[in-house]
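All values below come from the heavy atoms of this structure, side chains included, with hydrogens, waters and symmetry mates left out.
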Amino acid sequence: MATLSLKDIRKSFAGIEVIHGVDLSVKDGELVVFVGPSGCGKSTLLRLIAGLDRPTSGTIELDGRDVTGVNAADRGLAMVFQSYALYPHMTVRQNLSFGLENTRMPKAEIARRVDEAGRMLEIGELMNRRPTQLSGGQRQRVAIGRAIVREPSAFLLDEPLSNLDAELRVTMRAELAQLHERLATTMIYVTHDQVEAMTLADRIVVLRGGRIEQVDTPLGLYNQPANLFVAGFIGAPNMNLFPATARDGQAELPGGLRIDTGPGAARDGKVTIGIRPQHMHLAEAGEQTLEGRVELVERLGAETVVHAVTAEGTTFVTVLAGQPEVAMGDTLHVTPDRGQVHVFDADGQRVARD
Amino acid sequence: MATLSLKDIRKSFAGIEVIHGVDLSVKDGELVVFVGPSGCGKSTLLRLIAGLDRPTSGTIELDGRDVTGVNAADRGLAMVFQSYALYPHMTVRQNLSFGLENTRMPKAEIARRVDEAGRMLEIGELMNRRPTQLSGGQRQRVAIGRAIVREPSAFLLDEPLSNLDAELRVTMRAELAQLHERLATTMIYVTHDQVEAMTLADRIVVLRGGRIEQVDTPLGLYNQPANLFVAGFIGAPNMNLFPATARDGQAELPGGLRIDTGPGAARDGKVTIGIRPQHMHLAEAGEQTLEGRVELVERLGAETVVHAVTAEGTTFVTVLAGQPEVAMGDTLHVTPDRGQVHVFDADGQRVARD
Amino acid sequence: MVTAPLTLLARIVDPPLRLWQRWTGLNGMAAFFLLPNMAIFGVFVLIPLALNFVYSTTAGTNILLRDRSYVGAEQYARLLDCANYLEPLTCREDQFWTAASNTLVFVIFQVSLMIAVSLITALILNREIRGRSFFRAVFFFPVLLSPVVVGLIWKWILQRQGLLNLMMVNLGLEPEVWLNDRFYSFVATIGVSTWAHMGFYTLILLAGLQAIPKDLYEAAEMDATPPTRVFRRITLPLLGPNLAVVLVLALIRGVQIFDEVFVLTGGGPGTSTLYLTQYIYEVGFASLLRNPGLAAAASIVMGAVLVVLTLAQLSLSRRSERAGER
Amino acid sequence: QDPTEIRIQWYSDGIEGEVMQDLLDRFEEENPDIDVVLDNVAYQVIQEQLPIQLASGRGPDIARVTNLKEQAQHWLDLRPYLSDEQVAYWEENFGNRFDWMREDGSDAIPGFLTQLTMVGGFANATLFEQAGVEMPGDGATWDEWVEAAAQVMESQGTAAAFAIDRSGHRISGPNASFGANYIAEDGSPAPIDDGTMEFVTKLVNWTNEGLQLPDVWVSAAGTTYRSGADDFINAQIPLLYSGSWQVANLSTTIGDAFDWVAIGSPCGPAGCSGLAGGAALVAIEYTEHPEEVARVMDWLASEKIVREFSERTLFLPAHAGIVEEGGLEFQSDDPNVPPALDRFVQASGETLPLADQLPAWRWANAYYGALVTRISQAMAGEITLDQARELMDQDIADVVANANQ
Amino acid sequence: MSNMTIRQFVGQRRGHGGRWHWTDIATWIWLIGGTILMFGPALWLVMSSFKSPAQLAEFPPTLLPYAQETVMVEGYDDPLPLYTARLEDGTTAELAEIRRIGTNSQMVDPADPGTRIDVNIADRTPIRSIGFATGNYVEPLVANDFPRFLWNSVFVTVMATLITLLTNSMAAFALSKYRFRGRDAVMLLIVATLMVPLSVILVPLYSVVNFTGLLNSLWGVILPTVATPTGVFLLRQYMLTIPDELLEAARMDHASEWQIYWRIVLPLAAPALAVLAIFSVVWRWNDFLWPLIVLSRRELYTLQVGLNSYAGELNVQWHYILAMTVVTMIPVVLVFVFLQRFITTGIAGAGIK
Ligand SMILES: Nc1ncnc2c1ncn2[C@@H]1O[C@H](COP(=O)(O)OP(=O)(O)OP(=O)(O)O)[C@@H](O)[C@H]1O
Ligand SMILES: Nc1ncnc2c1ncn2[C@@H]1O[C@H](COP(=O)(O)OP(=O)(O)OP(=O)(O)O)[C@@H](O)[C@H]1O
Ligand SMILES: [Mg+2]
Ligand SMILES: [Mg+2]
């Protein structure tokens, strides 16, 4: 139960500003995911929200109350630290119950919650170990557990699943989603995992160099990236970006493929055409194609990532389903799905095509 | 330049065995990836190879020489720690050059290598910071840098990219691949990222509970998982596994779909049928279908993960390309790609179908 | 800086040490690191200690061992000859037992007070207060004074016409001859020795506090932990190894208290602040008695008791120590 | 050739170190072949470290010591290095005190007393005058003195009537005055006798009645030395029983604040005895230059030098010739000093036989230690006087037993 | 510092926006009370070191050093002390005393040197003003071989501290970071020897030093003190808190054990080393008993030995001792101020996940 609003938050370390005026409001019960390149300020922002650091300027409101000067302890949030920060001298059980004991909760209730969290995180058998005796992923799960047993009004999670294996990550993701639903808590979630971001988020906040680039729903971001940066950042592998010059409302890609720039764009001038690797298919006969020599083939099993380079020297990537027989040196002919092509103007801003 | 061979390695902590007899040999210049569930012993194995811990029994050979009792410092390997273990009292530059100074390398050469690593890892501007002043991902990059400047005969990397954003991860992966090629060093690489494992590895070692389950090339694992565990572990989302009873060489899936169990399997008896989510397509008219009520739709943009449950209550997952219009509660009809179906016998071992 | 030649030296010794390491392994290196200290230690501490034990088996007034006569355990027998150990006067060496029981009570109170005071001070000095270095110097200052001067200053304050009585008179209170009162004298020895040495322990604890990772405090803060609980559950356990140092040293120095008390109360009034070291000093060195054998025996009995106490203490703190061994 | 180096280990209570340095400078001028170095040390060194050095056969060439008899085996006999004439001079002027510093039965000349000390009392004349109390004259008893001082205390509101330094040595003169005998016929310690107990009992009672300042005796344990001088200097007590060495100290610290007089020792039934004592300059047996040491010693013992030394340091000389001759011009403009010193010289003639024997008696220290330790305990109420007597006997027996082992 | 948590528990004011939390108030009460209690007596010591012997012995004591005021009066060669005297008519006047006889003081009005006034000594109080007996400082410094003593002290202190830091930290490193047989026994031995006061083993120690030929040599002062069990114990316990993982990282970096010790463990133990350095300096600088034994030659005396010659058998010249205490304290205070910064350069914890 918490709404959160950040107003023009700035933060400097030793005079160097790393957060340059962030405005954001998070609705009660919303799950917001922060994504952005390493070092862009995600953790810093989380720490500011938590109250562990004070912003250099700007205000933070929780449930409409200005909490900028309030201590972390009094904000009632729970946090999973990127560095875990487990208590080294306590067993897993003690680590988990420590926060609850602070609230004078009955012993039985503490034990119940801790056991439940242990089951959920699959660390039930490690309860009497110390953090040093755990593997990296086990530690991370304890860190998550420490936050969730508290059942706070809002969660701050800093890359909580980064050290877990794929299977566990899926399970944990589902557990967190369930928890979010059950407790109806607000969650702010930092992750580098696109799948996590796309599946969990109500809204995604894309950060870059201490500034917000775009805030939108996952599919909103995917389908209408506001600018080149977001377009490149969301989706894996990255969107292929072809610089081009529009002439008469048409831009020409290397190899001669022509794309309508749409009504929003200047009919002439520099544009960038973006095509996701997944939005190309092997050209059928007679289709206008993008042609390239295959440079690298990454076979992931379910799909195959092909890196190719055009005659003009532009590299592009395409994802083909299954394990097609493509080899290095082959010539690849692909056709973009025209409906899925993105156009950006000279400033890198997205241009609506329809 | 190093070959490595582990012979019946066992390791106990305080009497509890966590590595139960691992045999493995790694060829010179090979890149071997360790994958496995959290806590299965990947880091422990890496530490044994590094010489930081001593195995309880078994021998380790490097380049044919028994190094079981040799100190870490004298094995000439480099390691990226899962926990980074950066020297907190040194700047980034000092962290990077420390290992080189130990080998009495000329100052200029040290500076060159450190600068190069800084450029490659995009931490060139952070050279004079202390670890405390870095973000999680930046710290991780320093940890990688510390290993690569050494240009050792073999690398041990413990989840080296886990805290990096997708874009950087792709770049770093490529850099590591290049480095591997350029130096022709042996690399042992722990990761939870399937894409990383699939694209980087010469061979993948799948570990589970301190035992090796399978060692094979990436596609070998993907296409011919030796057992149910490997089948479930490799590939995201997990392979759908349907327990079934074979009768007359045919197993019946929920909903009545029949699958040939192939020549290798017992014609009658318990089997498990495995179908990857990617190896199903929306049924066309007249096809035999697997039918289910849609329970959860995860839209990742390029593809959509649909969780459905059959009338019998069996859950299965399917991945559909793009953003098809599927909603919760819809009824889904999918058909498996018959060529891609896996059959496992009662012991969970794979059965060749052709 | 001064470290430049040291750095050079460290570089020069490295290659031979590498060879040594390759040759002997980690155990050889452990030996190497221990050697210089243990060699000096052996010659200048262990050997004299052993000699001291030999002294305790001899009698006479001669100083040099070769001039003394061997009497076996006679000195110990004399020390431990007691009709009722709770009643010093029934003992042959009544002063030893008086001193021992005084010391015991003294140590119990002094060590508790010392730890409490220096821990509180360390916690406070670890806060980000203005003028932190100034206050650190203030609390450390008395450590710089020689015990004799410490005793003297406090004697001037506490004596009949001392500063304290002067202040009390000015405040309209009845003056008191503090050092003629058994209770006040005892309290004074505790207070003064704490005053004189607390800076020492405060520094150790201050360094220990610095070694506690800051992010644990942040985690605790996220858990809305009350300060007292943070102190009990995080600071104290993680301070464990350093607290053990303080406890052991305070204990040992408490038992060995001498100079400042000697100047301040001289062991009086009566024998109420007569502590063991003064007894040993008098027996062994004061010209009027001179019985080095007995003094050595007493010191060994005292040391033995201390070893036992320390061992008990250390094994208690083992657990917190293991937590420290991260 | 380099001058021979002679080292003197020396401690100072006051300015005597400077005076000695001055004299030695003069000696070196006259004897360029000898370089005398004065190693000024704390008294503690002389007491605690020198014995260790001596026992190991080391040490300085010459030392100023107070523990004369016990360490006598380490002193060098100067006799072989002195001419007959010089020997005669030494015997004549210092001979009566050689027994204090040589082993029983020896005829060695180990050194000479730089200073004779005489135990005795001081009275604050001004306080007496202000209180209108007549000071008891020569021959007055301890009771009379304490009585008079008590009156002063009442009248002037001082903290107590008197104090005796906390030291077994200090009370041994008075004990003798009360008929005490410490020495058995064979020279070993006699049991504590009634004479001793009589004075001790008085002392304990006076303390309990608040007449003797408890701060001095009660506030310490064991054999710790405590002086009542500070309280006397601050006019907190009208009467102090200490000794001649305090004269210089009193003179500088009291200054013009009040008049004080030396009163010698009050009397008991057996006499009015104080106790003599002193510090001696002795040659150390382990010196490598006995000839030169003898020359230095002889020079320092010469009448002219001893006289100058005494006059400048306000010490009582232990030189028979000088004492006889008199006429020392003590260098002080304090009018209280010369009469006080004179009174002490006079007192040195009033000592009883026991007091004369004690400085040369082997077990004196054992006696002193037991006395001071146990009397204090009795004063503090920890033990009764009877117990104290028993314990003192036992303490002394212990020391003797140990020493004889 | 950026870190709020530290500020909270360990930090400035707990309440933000100007509110004071009770812990803040308690902190300041403790600090101010502590300052008075800890520093007050010491300040008084400094003041007392400027007092004359008579003033030192004076009851009741004064805080500041005073000196009697004097005037030159016509007809008298020496300056006369000034007093406030209550005259018979009940008035008070400032008079100079010519001499005192018994309870009667002969005084004179400095303005009118002709007439003598008799005043009872109970009716006059001396006029005093603050005056510093600087002679307490000057005389010993001039008379003693001060520069020589100072050099010896500096030499002993610096060498002993360096060797102490080196050998103790090496031993502590071995005892905290290696597992070898007998480790606990060595540790126990070291702790056990803490129990024995130096004064007790003085005689055996003297024999040993005598045997090693170090008598009357500064090394004889230095060596026996450098293997302090306290230092080993202190450093070892601190090193226990340094994460082993950093050492492992260094081993992977091909660092020899010596380099691990020198470049990783030593810098990380800086706070404890600073503490030990401070202690060592204080101890060695103030050492008294031990140098006394080893050094019996004046040219080898350390300051403490040299200056303690003011403690005699029957009298102690406190005015000199106090003044010299203050003088000898100054360098140690400076060392403390310099070194204490290192105590709070805590860096542990970071770099490890
Ligand atoms: N010091 C120790 N004492 C006891 N058990 C330990 C210790 N270190 C590791 N273990 C256990 O050994 C097992 C293997 O640990 P390891 O760190 O190798 O796992 P991992 O495969 O690296 O897992 P992750 O992916 O989570 O890092 C885990 O179950 C862990 O709990
Ligand atoms: N104490 C500090 N002093 C100086 N700079 C700092 C400090 N802490 C963080 N920074 C810088 O601020 C920027 C933002 O850091 P932050 O930890 O928020 O990044 P992040 O988005 O969490 O990155 P990552 O994904 O790598 O964890 C980084 O460039 C980092 O170097
Ligand atoms: Mg971060
Ligand atoms: Mg791991």
Side-chain angles (χ1 to χ4, degrees), chain C residues 58-71 74-75 78 88-89 92-95 98-99 102 148 155-156 159-161 177-182 185 261-275 278-279 281-294, chain D residues 44 46-49 51-57 66-67 70-71 159-160 166-169 213-226 230-231 234 236 364-374 376-383 387 391 394-395 398-399 401-405:
Chain C
T58 61
T61 53
N62 289 318
I63 292 173
L64 288 198
L65 208 44
R66 63 175 132 84
D67 305 331
R68 301 175 57 81
S69 46
Y70 176 78
V71 295
E74 201 172 277
Q75 303 283 18
R78 176 169 163 192
L89 271 180
R92 184 154 146 61
E93 275 300 316
D94 61 305
Q95 300 249 332
T98 306
N102 285 347
V148 175
K155 197 177 156 123
W156 283 341
Q159 66 191 4
R160 183 186 289 273
Q161 299 264 2
V177 190
W178 306 102
L179 297 179
N180 283 359
D181 183 284
R182 303 178 79 88
S185 294
V261 168
F262 188 69
V263 174
L264 185 67
T265 69
T271 52
S272 56
T273 57
L274 174 68
Y275 300 129
Q278 183 178 350
Y279 167 82
Y281 171 82
E282 292 234 329
V283 169
F285 299 93
S287 58
L288 306 190
L289 304 174
R290 189 146 300 190
N291 188 344
L294 188 60
Chain D
Q44 196 187 356
I46 305 279
Q47 272 310 81
E48 294 169 14
Q49 318 309 340
I52 305 178
Q53 293 176 16
L54 294 176
S56 332
T66 55
N67 201 356
E70 276 182 31
Q71 306 183 91
R166 188 178 193 276
S167 151
H169 172 260
L213 192 67
D215 309 30
V216 179
W217 277 77
V218 182
S219 303
T223 59
T224 313
Y225 169 71
R226 283 283 153 101
D230 279 354
D231 295 275
N234 285 285
Q236 290 298 304
N365 278 336
Y367 233 92
Y368 298 159
L371 279 172
V372 69
T373 305
R374 300 305 178 180
S376 296
Q377 278 187 282
M379 286 175 177
E382 292 178 352
I383 51 176
Q387 279 175 314
L391 287 168
Q394 189 196 315
D395 287 353
D398 281 345
V399 174
N402 179 56
N404 286 338
Q405 220 141 14

Side-chain (C:Gln75) to main-chain (C:Thr58) donor-acceptor, under 3.5 angstrom: yes
Close side-chain approach of C:Asn291 to C:Arg78, heavy-atom, < 4.5 Å: yes
C:Thr271 portion near chain D, given a 4.5 angstrom heavy-atom threshold: both
Nearest heavy atoms of C:Lys155 and C:Val263, plus distance in Å: CD-O, 3.6 Å
Test log, rule salt bridge (Lys or Arg N to Asp or Glu O under 4.0 Å), inputs D:Arg374 and C:Asp94: CA-CA 11 Å; D:Arg374 300 305 178 180; C:Asp94 61 305; 2.8 Å; yes
Most contacts with chain D, counted as non-hydrogen pairs under 4.5 angstrom, among C:Thr265, C:Thr273, C:Thr98: C:Thr265
Which atoms of D:Arg166 approach chain C - backbone, side chain, both or neither, heavy atom under 4.5 Å: neither
Most chain C-contacting option - heavy-atom pairs closer than 4.5 Å, from D:Gly222, D:Ala221, D:Ala159, D:Ala380: D:Ala221
Best-contacting candidate, D:Ala378, D:Ser56, D:Ser376, D:Ala364, against chain C by heavy atom pairs under 4.5 angstrom: D:Ser56
Segment of C:Tyr281 engaging chain D (4.5 angstrom heavy-atom cut-off): side chain
Side chain D:Arg226, main chain D:Val216, donor-acceptor under 3.5 Å: no
Interchain contact, C:Leu264 with chain D, by part (heavy-atom threshold 4.5 Å): backbone
Part of D:Leu391 lying under 4.5 Å from any heavy atom of chain C: side chain
Donor-acceptor contact below 3.5 Å, side chain C:Ser185 vs main chain C:Leu179: yes
Residue part contacting chain D, namely of C:Phe262, when any heavy atom lies under 4.5 Å: both
Note, D:Gln394 side chain near C:Arg92 side chain (heavy atom, < 4.5 Å): yes
Contact leader toward chain D among C:Gly60, C:Gly293, C:Ala59, C:Ser69, where contacts are heavy-atom pairs under 4.5 Å: C:Gly60
